[in-house]
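Step one of this worksheet: look at the structure below.
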Amino acid sequence: QVQLVESGGGLVQAGGSLRLSCATSGRTSSNYAMGWFRQVPGKEREFVAGIRWSGGSLYYADSVKGRFTISRDNAKNTVHLQMNSLKAEDTAVYYCAARSGSYVSTVGESYNYWGQGTQVTVSS
């Protein structure tokens, strides 16, 4: 089992920044891919960014490219999502997810483990 705990959400004005963190524990290993997703009530869950624990390419949704940065801290078993130049449309509950294997999928259903989510609200 893998446990994921998100933190760092909150209320910020448009143009501001937030840094989300996802602390992992349990049977994590380098053969995992991590993803950040977000969801607004009434809308489908949306892929935001992804990374492999083993390193390599980073993956972003077009809507956040150039503004968000995903990174990992292997020593602390934590994945971060730095969000800059936030817009009102970034408002959502953000979830951290993990899947076994090195493939970074943009499909939420392919992820085995999920955190509880953290609310991000951007005021315009």
Side-chain angles (χ1 to χ4, degrees):
Q1 288 291 325
V2 174
Q3 293 79 42
L4 308 174
V5 178
E6 302 99 333
S7 61
L11 173 65
V12 64
Q13 288 188 333
S17 298
L18 282 175
R19 187 192 196 206
L20 305 184
S21 297
C22 174
T24 71
S25 60
R27 299 179 62 182
T28 54
S29 72
S30 60
N31 193 34
Y32 267 79
M34 304 295 297
W36 283 98
F37 291 78
R38 65 187 182 186
Q39 189 166 24
V40 175
K43 293 188 177 182
E44 290 189 357
R45 183 171 48 197
E46 176 188 21
F47 172 81
V48 175
I51 190 171
R52 299 187 185 95
W53 271 120
S54 59
S57 298
L58 309 178
Y59 303 83
Y60 298 98
D62 288 342
S63 58
V64 306
K65 280 181 181 177
R67 300 188 298 122
F68 290 11
T69 303
I70 189 171
S71 63
R72 73 196 192 285
D73 184 336
N74 288 4
K76 296 183 178 180
N77 291 329
T78 302
V79 176
H80 301 287
L81 184 68
Q82 178 67 42
M83 306 186 296
N84 298 329
S85 302
L86 282 162
K87 305 175 182 180
E89 51 264 43
D90 294 319
T91 296
V93 178
Y94 283 71
Y95 297 91
C96 176
R99 68 183 302 275
S100 55
S102 60
Y103 176 66
V104 178
S105 172
T106 62
V107 178
E109 285 73 13
S110 67
Y111 285 77
N112 310 101
Y113 305 100
W114 292 84
Q116 81 288 353
T118 185
Q119 176 70 47
V120 171
T121 303
V122 184
S123 63
S124 58

Of all heavy-atom pairs between [X] and [Y], which one has the smallest distance, and what is that distance?
X	Y	answer
Thr78	Ser21	CG2-CB, 4.1 Å
Ser124	Ala88	CB-CB, 4.1 Å
Ser17	Asn84	OG-OD1, 2.9 Å
Ser102	Arg52	O-NE, 2.6 Å
Leu81	Ala49	CD1-CB, 4.0 Å

Path from [X] to [Y] over hydrophobic side-chain contacts below 4.5 Å:
X	Y	answer
Val93	Leu20	no
Val2	Tyr95	no
Tyr60	Val104	no
Leu4	Leu18	yes
Val64	Tyr59	no

What salt bridge (Lys or Arg N to Asp or Glu O under 4.0 Å) pairs are there with at least one residue in residues 69-85, not counting sequence neighbours?
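Matches after skipping sequence neighbours: none remain.
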Charged N to carboxylate O under 4.0 angstrom, Arg45 versus Glu109?
yes
Within this structure, what is the [atom1]-[atom2] distance for the pair [X] and [Y], rounded to the nearest 0.5 Å?
X	Y	atom1	atom2	answer
His80	Phe68	NE2	CZ	16.0 Å
Asp62	Phe47	CG	CZ	10.5 Å
Cys96	Glu6	SG	CD	5.5 Å
Asn112	Gln1	CG	CD	9.5 Å
Leu86	Ser123	CG	OG	10.0 Å
Asp90	Arg67	CG	CZ	4.0 Å

Residues at least two apart in sequence or cross-chain that pass side chain to side chain contact (heavy atoms under 4.5 Å, CB included) with Glu44, listed by chain then number, are none
Report yes or no: does Thr91 contribute a side-chain atom to a donor-acceptor pair with the main-chain N or O of Val122 at less than 3.5 Å?
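Between the backbone of Val122 and the side chain of Thr91 there is a qualifying donor-acceptor contact (under 3.5 Å).
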Return each pair, listed once, that meets ring-ring contact (aromatic ring centres under 6.0 Å, His included) where at least one residue sits in residues 98-124; pairs must be two or more places apart or across chains.
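For residues 98-124: Phe37-Tyr111, Phe37-Trp114.
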Just so I know, are the side chains of Glu89 and Ser63 near enough to count as touching, which here means a heavy-atom distance under 4.5 Å?
no
Might you work through the side chain to side chain contact (heavy atoms under 4.5 Å, CB included) test for Val79 and Trp53, ending with a clear yes or no?
CA-CA 9 Å; Val79 176; Trp53 271 120; 3.8 Å; yes
Tell me, with the steps shown, if Met34 and Thr24 meet side chain to side chain contact (heavy atoms under 4.5 Å, CB included).
CA-CA 10 Å; Met34 304 295 297; Thr24 71; 3.8 Å; yes
